[in-house]
Every structure is written in C-alpha cells, then in structure tokens.
Undergrad: 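Below you'll find the structure I mean.
Every number for a ligand or one of its atoms is a count from 1 in the order of the listing. Fair warning: this is a prediction, and the values are worked out from it, not measured in the lab. Excluded from the calculations below are hydrogen atoms, water molecules and symmetry mates; all remaining heavy atoms, backbone and side chain alike, are included.
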Amino acid sequence: MLQVDVLVVGGGFGGTAAARALEQRLAGRSERVLLVASENFLTFTPLLPEAASGTLEPRHAVLPLRQLLPRTELIAGEVVVLDPAARTAVVEDLNHERHDVAYRTLVLSPGSVPQTFPIPGLLEHAVGFKTLADAIWLRNRVLRQLEAAESTDDLRLRRELLTFTFVGGGYAGVEALAELESLARDAVRTYTRIRPSDFRWVLVEATDALLPGLDRRLAGYSERQLRRRGVEVRLSTRMESCEGGVVRLSDPTMAPYPSGTIVWTAGQRPSPLPAQAGLPTDERGRVPVDEWMRVPGRPDVYAVGDAAAVPDPDGGLCPATAQHALRQGRIAGINAAAGLGAGEERPFRYRNRGLAVTLGKHQGTAQVKQLVFTGPLAWWMGRSYHLLMVPGLARRLRIVTDWTLSVVFSRDVSQLGALGRPSSLDSPS
Ligand SMILES: Cc1cc2nc3c(=O)[nH]c(=O)nc-3n(C[C@H](O)[C@H](O)[C@H](O)COP(=O)(O)OP(=O)(O)OC[C@H]3O[C@@H](n4cnc5c(N)ncnc54)[C@H](O)[C@@H]3O)c2cc1C
C-alpha cells in the first residue's frame, strides 16, 4: 500500500494548480503528494484551437507535469476506485497494473468529458475537440481533405470532402471552426484546382445566440465575423442525425447534406467519478463544495474545476473555465496544506475578470468586466491573457516565438496524418 498525505486526482488546470500550491506550502517538510493524471502533461486548452490551425506548435500547448511539479509524485494512469470513507484509492497505471493508495487528504479535479446525446450516426461519424490529439487530428484532417479534393474530378465528392460541420456554438466550437477556416483559407492558395468557394463551413447552435453566457455584443460580433467569412451559422437549430455522414438538421428549410467532417462541440459534462466514490453530486453530476473548496461534511475532501459546483462570489455557481479551475485548485492546495499544519486557510474569492475568444488570424473578441473589445486589439488581448496564464518563462518564450513566426511566415501546410501510426513491416517473402 502506497501511503501519501495528499492524493490529487486529475492533471488538468485544477489538479496541477492544487499540486503547485501544495509544493509551495509544504516546501522543506516531509509530506508526500501524489498526483494521478491520465497524461504526463497539462493540456492548455485555451491554446488548442491555435495548435489545430498551426499558428502554434502543438507541443507548446502542453506543459510537462514532471517539470512543472518537481516535488510531486506522479503516476500516469487513472484512479479507478475511490473510497473516501476508508481514505483509500486504487490507481491503474499505463501497464494496467493496480496500486493501492492510502491518503489523508483528497483533491478531486477530474474535469469534464464531451456531453453526447442519442443522435443517430453521432458516435460513428463525429469527432470531439477536447484534447491535443483532437487538435492535431483536425489539422491533419483539413489538410488531408484538401489533398483529396484537389485530386478528384467529381465535383459532388469534392464538395463533400470540403464540407465541415461544427455542432455547438460555445467557445470551443466557435474558436475551433474560426481557426480551422483560416487555416484552410491560407492553405488553399497553394492548390490549383480548389477555390475558396468549394468549401462549406456550417456552425449549428441549439440556442438563439453563439457563445452562450458571453456578453450579447460579443456574441453578435463573432456571428457577424463568421458570416462575413462565408460560414453558415444556424442558430436555434439542432443536428437530428448524421447517419452515413449525411447531416440532417431540425430546420426543415435546410436539405440534408453530406459532410466530410463533423465536429461535436455541444457541451461538456463532469467526468464520471471513480467507482465507489459515493460523494454527493448535483443534478448535473458536479460535486458541491463550499468557499473553502471542501465537500460539506467531508473536511478531508476537496473538489475543484469542471467537476465541482463551486459558489461564485458574485452569486450562483462558477462557470466551467480554465481560469476558475486554476484559482479553485490553488485554494484547494492552500487549504489542504493548512489541514496538514502548513500555513493558513483561504476562502475562494476570485471574480471573473473577463473572457477572450479568438476568431482566427488577428481577429477576436474580449470582455473585461463591463468593457468589450473586438477585432485585432481583442485578439491581442486574448493572446496576452492566455500567455500570462502559462507558467514558466521558457514555455512563454516558445509560444511568443511561434506567434511571431506565424505573423512573418506563411503557415506550414504539410499533412502529417500518418504521425502516431508507425509504418507496418511486410512479412518475409
Ligand atoms: C477546446 C477548448 C477550449 C477552451 N478554451 C478555454 C478558454 O479559452 N478559457 C477558459 O477559461 N477555459 C477554456 N476551456 C475550458 C477549460 O479547459 C476547462 O474549464 C478546464 O480545463 C477545467 O479544468 P479541470 O482541472 O476541471 O479539468 P481538466 O483540465 O479537463 O483536467 C482534468 C484531467 O483529469 C483527468 N481525469 C479524469 N478522471 C480521472 C481519473 N479517474 N484519474 C486520473 N485522471 C483523471 C482527465 O483526463 C483530465 O486530464 C476550453 C475547453 C476546451 C475543450
């Protein structure tokens, strides 16, 4: 049995912020902190759309956990069983070996997973946009579709190959579509047979506005920007099916159409808790906590991030954003350390400072308190804000270098779809 003082579940924004705070507070002491993370890196999701479009080298959108957290023990794997009453857990590592762990304090930050619905064809034909692998896949997909479209004389097939449907107009869908559309627009210049008008980009959103939760002026600006670029924005519309890759929408005036690529960005739900966790959850599956990030009645259990229902100091519950998960994780780390006798406890007092949405090269929207910004200034503000969230000077410099080079030089449009799949060997003849 592995004995640790703090077990942190999840290596995303909340979990790593908690582990960093614990490292700082417990410096020079003997307590052991174990972080269990499904990957050995933190995915910096606000940068994923740019990793997909190639303005950022994908590796620069992630942070290696072992470098970020030098004093935290790390197991790359998953917590598969949790027993908060006995303060024990079972961790499964990458070899599928199981480790029993006993802890004194638990910090839960398992994040969220794409929320799907029983839509015919969805699981077979749509992809998500949540991980670095998704971003790399989508970039290669756009470039692969361009190559395939260039080489066919069948105009219907070409149109199908170059049709991209994004379902869900929150910031993941809007940013991913906007970035990939600008990648395709740049890349198409190097092809002789395809024209920009051969593309079809469709954004489907069930509510009556894009970017739900954001200032209406910004949502309106983003919609106009996308429409000006030829994107079909379908509001108050649902995708009813996509069997055989043919998209059928709830809008009866729109004929079903074949779409070579369908991206599902219609919301997230909290990651399921490990078996036997037995912790309370609200109607959306989030673990309710108080302002100290503690599960009421469980002084040894903290929960943060997308999987937690955290009271917002301005009323209601905090939105599921990286900036909130980061601050909540930090508070959980500070308070967990205080519970071990290091430092003072602190309540969660963070107030949302704003939000930025990038809309492809040099375009964006940003909201800072009551002020709204649009265009290149908002794009620059958003970039600067995300850059400040990235820990470590070396990583920031790499990102700034990528951005600077992307302004000066044209994009690299190599299609590296074979990456991640080693070549197979022929059997001996
Ligand atoms: C494409 C995209 C763009 C976004 N852009 C922005 C943005 O611009 N600004 C913003 O503020 N927010 C943005 N977000 C939202 C932001 O990413 C989330 O709110 C944030 O990641 C939540 O942090 P978290 O720690 O709760 O979860 P995560 O960061 O998702 O981390 C949770 C981790 O826990 C792991 N995990 C789950 N279960 C277990 C288990 N049993 N054992 C071990 N590990 C486990 C998961 O695999 C994951 O790695 C974006 C999200 C997406 C998908």
Side-chain angles (χ1 to χ4, degrees), residues 7-19 34-52 61-63 65 74-82 89-94 101 106-115 128-135 138 166 168 170-177 179-180 211 213-214 263-275 277 286-287 303-308 310 318-330 332 350 352-358 364-367 382-383 385-386 389:
L7 170 65
V8 182
V9 182
F13 283 96
T16 51
L34 172 66
L35 172 68
V36 181
S38 43
E39 309 279 0
N40 74 347
F41 54 79
L42 160 65
T43 303
F44 214 84
T45 47
L47 298 178
L48 276 188
E50 296 187 67
V62 300
L63 293 138
L65 291 178
L74 174 72
I75 296 183
E78 218 182 304
V79 175
V80 288
V81 179
L82 204 51
V90 178
V91 177
E92 188 172 290
D93 68 19
L94 300 181
V101 178
L106 175 68
V107 180
L108 273 175
S109 187
S112 53
V113 290
Q115 163 118 46
F129 187 66
K130 169 86 182 156
T131 64
L132 185 67
D134 296 338
L138 269 176
F166 284 69
Y171 50 47
V174 167
E175 289 191 333
L177 182 146
E179 286 287 341
L180 289 168
L211 302 165
L214 209 70
V263 187
W264 180 257
T265 50
Q268 307 282 324
R269 64 179 168 84
S271 296
L273 289 175
R286 296 169 298 189
V287 178
V304 300
D306 289 5
V310 181
C318 291
T321 73
Q323 38 183 316
H324 285 87
L326 257 176
R327 271 76 179 201
Q328 293 161 6
R330 181 161 170 70
Y350 175 68
N352 200 353
R353 293 191 191 144
L355 249 170
V357 179
T358 77
T365 58
Q367 179 186 347
R383 285 194 155 190
Y385 181 64
H386 289 149
M389 278 169 75

Undergrad: Just go through Ala17, Gly382, Ala325 and tell me whose heavy atom is the nearest to atom 23 (O) of ligand 1.
TA: Ala325

Undergrad: Would you please name every residue forming a side chain to side chain donor-acceptor pair (under 3.5 Å) with Gln367, sequence neighbours left out?
TA: none

Undergrad: Out of Thr45, Ile75, Leu42, Thr43, whose heavy atom is nearest to atom 16 (C) of ligand 1?
TA: Thr45

Undergrad: For atom 18 (C) of ligand 1, which candidate among Asp306, Val91, Leu47 holds the nearest heavy atom?
TA: Asp306

Undergrad: Just need the protein heavy atom nearest to atom 11 (O) of ligand 1, so name the residue and atom and give the distance.
TA: Ala322 N, 2.9 Å

Undergrad: Please list the nearest protein heavy atom to atom 28 (P) of ligand 1 with its residue and the distance rounded to 0.1 Å.
TA: Gly12 CA, 3.8 Å

Undergrad: With heavy-atom distances below 4.0 Å as the criterion, list the atoms of ligand 1 near Gly77.
TA: 43 (C)

Undergrad: How far is atom 46 (C) of ligand 1 from its nearest protein heavy atom, and which residue and atom name does that atom have?
TA: Ser38 OG, 3.6 Å

Undergrad: Looking only at N/O atoms, are Val79 and ligand 1 under 3.5 Å apart anywhere?
TA: yes

Undergrad: What residue and heavy atom of the protein are closest to atom 27 (O) of ligand 1, and at what distance?
TA: Gly111 CA, 3.2 Å

Undergrad: Can you pull out the closest protein heavy atom to atom 25 (O) of ligand 1? Residue, atom name and distance to 0.1 Å, please.
TA: Gly14 N, 2.8 Å

Undergrad: Heavy atom to atom 1 (C) of ligand 1, shortest distance: which of Phe129, Phe13, Tyr171, Phe44 holds it?
TA: Phe129

Undergrad: Of the non-hydrogen atoms in Lys130 and Ser112, which two are nearest, and what is the gap between them?
TA: CE-O, 3.2 Å

Undergrad: Does Glu92 have any salt bridge (Lys or Arg N to Asp or Glu O under 4.0 Å) partners at least two apart in sequence or in another chain, and if so, which?
TA: Arg98

Undergrad: Is there side-chain contact between Thr43 and Thr131, with at least one heavy-atom pair below 4.5 Å?
TA: no

Undergrad: May I ask you to check whether Ser271 has an N/O atom sitting below 3.5 Å from an N/O atom of ligand 1?
TA: no

Undergrad: Taking the minimum heavy-atom distance to atom 5 (N) of ligand 1, which of Gly10, Ala37, Pro46 ranks first?
TA: Pro46

